[in-house]
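All values reported here derive from a predicted model rather than from experimental measurement. Count residues from 1 along the sequence.
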Amino acid sequence: MTPRLASLALLAAVSLVPAARAQSTATPPVARAAAASVLFWSQAQREAGYSVMDTLFPSRIVRRGDRVMPLPNGKPLAAFTPTGAQSAMFERYVAEQKLAGIVVVVDGKVRLERYALGHTPAKKWTSFSVAKSFTSTLVGAAIKDGFIKSIDEPVTKYIAQMRGSAYDSVSIRQLLTMTSGVKWNEDYTDPKSDVAMLFFAPPDSGLDQTVSYMRKLTREAPAGSKWVYKTGETNLIGNLVMEATHKSLAEYLSEKIWRPVGMELDASWLIDQVGHEAGGCCLQVGLRDYARIGVWIMNGAKVNGAPIVPDGWLNAATVNQVNTGDPGRGYGYQWWTETEGRFNAVGINGQSIHVDPKRKLVVAISSAWPQATSRDRSIARAMLWQAIADAVDADP
């Protein structure tokens, strides 16, 4: 048995889940606990498991269409070639930041592409919270389609089981900007945190897993007054889209984006015990398709020349809407924002889609960071983004 196969065998054993691509609508309690245990995997498990999450946990396929959006190869970025000025820095980044893959697209052409940790263009890699930006885009699509009237409507209009909870006074807009004022702990190192217990805690009979947990939370601030990052609230957004459209998130994502835009690989979305996708997490997507999403958003989220979201949606979604306490980073509608119009979809352990409209630049990265979050690693990634931007400016 090779070391990689041994790691996968260990991963499956620790996860306590049959290694089968599930299309069922039921997840046993042990699978729910195992899904939460991903937060506490070893480094060997991360590197072996992030590319096969949908063989370890129940999921629903996001079907692609017959047409594939072209991503032709362009001239390699000179600074990142083997003799280029950034070659040594890039090699250190690949090794130290546990890079699984990077695709850099400039003006629709691939200028840099690299894989490691056994990842390939034919494989998928987990998104973690990069999925949040996909889910928020589906909210825009549901408004455009007439399923949702406005993001200023109350959440409880669409999720009736949340009535009588701390979410009675919360709007869809406040979910999108994570300003509900509801108390939440997103500590990925704490097995008792809300983000872990959201998956560990058994749901009340007849209720969705997220709804069951979130309706028991308490308020710490008036709605709209305080920003706190909450994966559970993006899960609620996903539930809201499902209730409004009467479709699963995987089905709606396939209908609105995956098939008409032209993704190369089928994606998959992990599901809970009642068959609901976790809107805040856990898509499995090919790296080139992550890049395609960035290019598509940057170009206006259009299908056949017409945007699938309302006029002004992307302008609002990808600019700073709230004070996050970080002068260099804001938050829109489930997109992280920067200066000069740049914005990012970001997930734990190093997943990201970086969009720089000024340079027509998209950088998609899949990683297996040893920590869920790390200031030093985030700084290193930001420095890599800037080095790529500088290389584009020097070699347009």
Lys/Arg-Asp/Glu bridge criterion (N-O < 4.0 Å) met for [X], [Y]:
X	Y	value
R292	E264	yes
K124	D266	no
D107	R359	no
E277	R60	yes
D204	K216	yes

Under 3.5 Å, is there a donor-acceptor pair between the [X] and [Y] side chains?
X	Y	answer
T120	K123	no
T126	Q284	yes
D54	S268	yes
R215	S212	no
D194	Y213	yes
S180	E233	yes
Y229	T324	no

Contacts table for residues 91-100: side-chain donor-acceptor under 3.5 angstrom, sequence neighbours left out:
unit_1: E91; atom_1: OE1; unit_2: R114; atom_2: NH2; d: 3.0
unit_1: E91; atom_1: OE2; unit_2: R114; atom_2: NH1; d: 2.8
unit_1: Q97; atom_1: OE1; unit_2: R377; atom_2: NH1; d: 2.9

For N73, does the CG atom have more than 12 heavy-atom neighbours from other residues, nucleotides or ligands under 6.0 Å away?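 Enclosed.
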Name all pairs fulfilling the ring pair (Phe, Tyr, Trp, His ring centres under 6.0 Å) condition that reach into residues 358-395, sequence neighbours left out, sorted by first residue then second.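 Applying ring pair (Phe, Tyr, Trp, His ring centres under 6.0 Å) to every pair that reaches into residues 358-395, excluding sequence neighbours, yields H354-W385.
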Does anything in residues 290-323 form a ring pair (Phe, Tyr, Trp, His ring centres under 6.0 Å)? List the pairs, not counting sequence neighbours.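 The answer is W313-Y333.
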Is any side-chain heavy atom of [X] closer than 4.5 Å to a side-chain heavy atom of [Y]?
X	Y	value
N344	V355	no
I271	H276	no
E113	V104	no
Q174	S169	no
Y188	T373	yes
V130	L283	no
V139	L175	no
W335	L176	no

List, by chain and then residue number, the residues other than M383 in its hydrophobic cluster (Ile/Leu/Val/Met/Phe/Trp/Tyr, side-chain heavy atoms under 4.5 Å); write none if there are no others.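 Taking Ile, Leu, Val, Met, Phe, Trp and Tyr as members, M383 shares its hydrophobic cluster with I379.
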Under the side-chain contact (heavy atoms from CB on, under 4.5 Å) rule, collect the residues that match up with T210, sequence neighbours excluded.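 side-chain contact (heavy atoms from CB on, under 4.5 Å) list for T210, sorted by chain: L198, D208, M214, N235, L236, N239.
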Rounded at 0.5 Å granularity, tell me how far [atom1] in [X] sits from [atom2] in [Y].
X	Y	atom1	atom2	answer
R111	K75	CZ	NZ	7.0 Å
I297	T137	CD1	OG1	4.0 Å
W184	T218	CH2	OG1	12.0 Å

Side-chain donor/acceptor pairs under 3.5 Å, residues 143-156, sequence neighbours excluded:
unit_1: D145; atom_1: OD1; unit_2: K256; atom_2: NZ; d: 3.2
unit_1: D145; atom_1: OD2; unit_2: Y252; atom_2: OH; d: 2.7
unit_1: D145; atom_1: OD2; unit_2: K256; atom_2: NZ; d: 3.1
unit_1: S150; atom_1: OG; unit_2: D152; atom_2: N; d: 3.0
unit_1: D152; atom_1: OD1; unit_2: R173; atom_2: NE; d: 2.8
unit_1: D152; atom_1: OD1; unit_2: R173; atom_2: NH2; d: 3.3
unit_1: D152; atom_1: OD2; unit_2: R173; atom_2: NH2; d: 3.1
unit_1: E153; atom_1: OE1; unit_2: K149; atom_2: N; d: 3.2
unit_1: E153; atom_1: OE1; unit_2: S150; atom_2: N; d: 3.2
unit_1: E153; atom_1: OE1; unit_2: Y158; atom_2: OH; d: 2.5
unit_1: E153; atom_1: OE2; unit_2: K157; atom_2: NZ; d: 2.3
unit_1: E153; atom_1: OE2; unit_2: Y158; atom_2: OH; d: 3.4

Is a side-chain donor or acceptor of S225 paired with a backbone partner of A221 at a separation under 3.5 angstrom?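 No; zero donor-acceptor contacts below 3.5 Å.
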Given the rule in the side-chain contact (heavy atoms from CB on, under 4.5 Å) test, do E186 and T231 qualify, once you have shown the distances and angles that lead to the verdict? CA-CA 7 Å; E186 187 89 5; T231 289; 2.5 Å; yes
Cluster link V346 to V319, ILVMFWY, side chain under 4.5 Å: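 Different clusters: V346 never reaches V319 through Ile, Leu, Val, Met, Phe, Trp or Tyr contacts under 4.5 Å.
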If you draw the axis of the six-membered ring of W336, does the NZ or CZ of R329 fall within 45° of it and under 6.0 Å from the ring centre?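 Judged by the rule, R329 and W336 form a cation-pi pair.
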